[in-house]
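Report on one structure; see the data block that follows.
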Amino acid sequence: EYIDFKRIVHHILDRFDFTLASGDVPKKYTIKRELTTRDIYVEIDQDRMTQVIDNLMNNAIKYSPDGGLVTVRLIDTQNSVILSVTDQGLGIPQKDLPHLFERFYRVDKARSREQGGTGLGLAISKEVIEMHGGRIWVDSIEGKGSTFSFELPFTVFDLDDEGWDDFE
Ligand code: ATP
Ligand code: MG
């Protein structure tokens with residue numbers, strides 16, 4: 001099913017802003033949106049993709065100080081779309097980076113236990129993204145913050161200036 005990806009992202013972020021405004025949050029945050037002005041259509045499982053973005057957002061908030069800034073960027077390339085979530089939180093030690101997407105892997109067990117969670121979010125996210133033919137990765141500097149990104153390929157057809165291409 002082809003879905004307007006930018007709309008989905010706006011919806012999800014609206015929900016985070018709404019929750020914040022309701023005051024029912026353990027921690028405050030500011031979300032900054034940097035989303036391409038172009039419409040982006042991708043063939044995705046909307047519920048699972050929502051689960052992925054939710055997890056990246058929840059992580060960004062959970063592993064940041066109160067009032068942290070979370071920047072969500074959506075860009076399109078020739079044949080893919082890239083979504084990234086950047087925080088200015090704890091960051092992740094270099095040595096942990098290769099393991100982050102493994103099941104139950106958590107940086108600093110003691111700290112993570114306090115924060116709650118199972119350590120499954122990123123493993124599931126990776127599964128979902130790869131199921132869609134994409135990839136997911138992280139850039140992080142300990143003490144400065146992290147950026148989690150995923151890239152999804154456009155599939156089957158292209159929309160050019162003349163309208164719909166033949167896509168048999
Ligand atoms: P849950 O299953 O509820 O998502 P979790 O958030 O601990 O639990 P993951 O989302 O898989 O599990 O993340 C794995 C670990 O990676 C986290 O425990 C945390 O140590 C580290 N991590 C993930 N995102 C960030 C982030 N934005 N900043 C710092 N550390 C992070
Ligand atoms: Mg998580």
Side-chain angles (χ1 to χ4, degrees), residues 3 5-6 8-36 42 44-76 80-153:
I3 291 173
F5 194 60
K6 197 175 51 164
I8 304 292
V9 174
H10 272 304
H11 269 296
I12 294 169
L13 299 184
D14 286 349
R15 172 159 47 75
F16 273 89
D17 280 338
F18 184 83
T19 308
L20 178 69
S22 78
D24 190 19
V25 286
K27 208 188 260 181
K28 298 209 186 328
Y29 47 84
T30 302
I31 298 173
K32 187 170 160 204
R33 306 182 195 202
E34 295 181 357
L35 310 189
T36 171
V42 279
I44 55 171
D45 180 326
Q46 185 173 336
D47 289 349
R48 285 175 189 268
M49 199 54 70
T50 298
Q51 200 184 348
V52 171
I53 298 170
D54 273 345
N55 181 52
L56 296 184
M57 290 301 297
N58 283 322
N59 283 351
I61 293 164
K62 188 156 73 164
Y63 302 110
S64 289
D66 192 34
L69 176 70
V70 178
T71 304
V72 180
R73 195 167 290 130
L74 183 69
I75 61 171
D76 51 318
S80 70
V81 51
I82 300 173
L83 183 124
S84 63
V85 177
T86 300
D87 65 60
Q88 301 177 336
L90 304 178
I92 298 156
Q94 202 72 23
K95 68 168 173 55
D96 293 299
L97 291 177
H99 304 291
L100 274 198
F101 296 92
E102 295 169 10
R103 282 168 189 235
F104 305 117
Y105 193 88
R106 311 189 74 195
V107 179
D108 186 348
K109 305 272 184 299
R111 184 192 82 197
S112 298
R113 207 173 305 118
E114 272 168 39
Q115 303 278 358
T118 57
L120 273 174
L122 287 175
I124 293 169
S125 299
K126 182 166 189 270
E127 229 166 80
V128 172
I129 295 302
E130 289 181 352
M131 198 176 85
H132 286 82
R135 64 192 181 99
I136 185 168
W137 69 96
V138 56
D139 299 293
S140 185
I141 298 175
E142 196 176 3
K144 288 221 150 168
S146 309
T147 297
F148 284 82
S149 311
F150 64 79
E151 177 171 29
L152 298 173

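We use all heavy atoms of the structure for the numbers below, so side chains are in, but hydrogens, waters and symmetry mates are not. When a ligand or atom number is given, it counts from 1 through the structure's own listing order.
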- Query: Would you call D87 and K62 a salt bridge, using N to O less than 4.0 angstrom?
  - Reply: no

- Task: Check each heavy atom of D96 against ligand 1 and say whether those closer than 4.0 Å belong to the side chain, the backbone, both or neither.
- Result: neither

- Task: Under 4.0 Å from a heavy atom of K62: give me the atoms of ligand 1 that qualify, with their elements.
- Result: 3 (O), 5 (P), 6 (O), 8 (O)

- Item | Short side-chain to backbone donor-acceptor contact, S140 and G145, under 3.5 Å | yes

- Note on the structure: Check: of F101, F104, Y63, min heavy-atom distance to atom 29 (C) of ligand 1 comes from Y63

- Message: Walk me through whether K95 and E142 qualify under salt bridge (Lys or Arg N to Asp or Glu O under 4.0 Å).
- Response: CA-CA 10 Å; K95 68 168 173 55; E142 196 176 3; over 6 Å; no

- Query: Hey, what do you get for CD1 (I75) to CD1 (I82), rounding to the nearest 0.5 Å?
  - Reply: 4.5 Å

- State the CZ-OG1 distance between F5 and T36, to the nearest 0.5 angstrom. 12.0 Å

- Task: Between L90 and ligand 1, find which residue part has any heavy-atom pair under 4.0 Å and reply side chain, backbone, both or neither.
- Result: neither

- Message: Below 3.5 Å, N or O to N or O, backbone or side chain included: is there any such pair between L120 and ligand 1?
- Response: yes

- Message: Under 4.0 Å from a heavy atom of S146: which atoms of ligand 1 are those, numbered in the order shown and with their elements?
- Response: 28 (N)

- Taking only heavy atoms of Y105, which atoms of ligand 1 are found under 4.0 Å from at least one of them? 14 (C), 15 (C)

- Check ligand 1 against V107 and write out every atom of the ligand that is under 4.0 Å from a heavy-atom position of the residue. 20 (O)

- Message: One residue to check: N58. Relative to ligand 1, which of side chain, backbone, both or neither has a non-hydrogen atom less than 4.0 Å away?
- Response: neither

- Looking at N55, which atoms of ligand 1 are within less than 4.0 Å of one of its heavy atoms? 4 (O), 10 (O)

- Query: Does V107 offer a backbone N or O that forms a donor-acceptor pair with the side chain of H99 under 3.5 Å?
  - Reply: no

- Item | Nitrogen or oxygen atoms of T118 and ligand 1 under 3.5 Å apart | yes

- Is a side-chain donor or acceptor of K27 paired with a backbone partner of I61 at a separation under 3.5 angstrom? yes

- Query: Looking only at N/O atoms, are F148 and ligand 1 under 3.5 Å apart anywhere?
  - Reply: no

- Task: May I ask you to check if any N/O/S atom from N58 comes under 2.8 Å of the Mg ion (ligand 2)?
- Result: no

- Of all heavy-atom pairs linking K28 and L20, the shortest is CA-CD1, 3.9 Å

- With only distance considered, is L100 within less than 3.5 Å of ligand 1 through an N or O on each side? no

- Query: Considering only heavy atoms from C-beta outward, does the side chain of R15 approach that of T50 to under 4.5 Å?
  - Reply: yes

- Separation of I129 CD1 from I136 CD1 (nearest 0.5 Å): 5.5 Å

- Item | 4.0 Å heavy-atom contact, G89 with ligand 1 | no

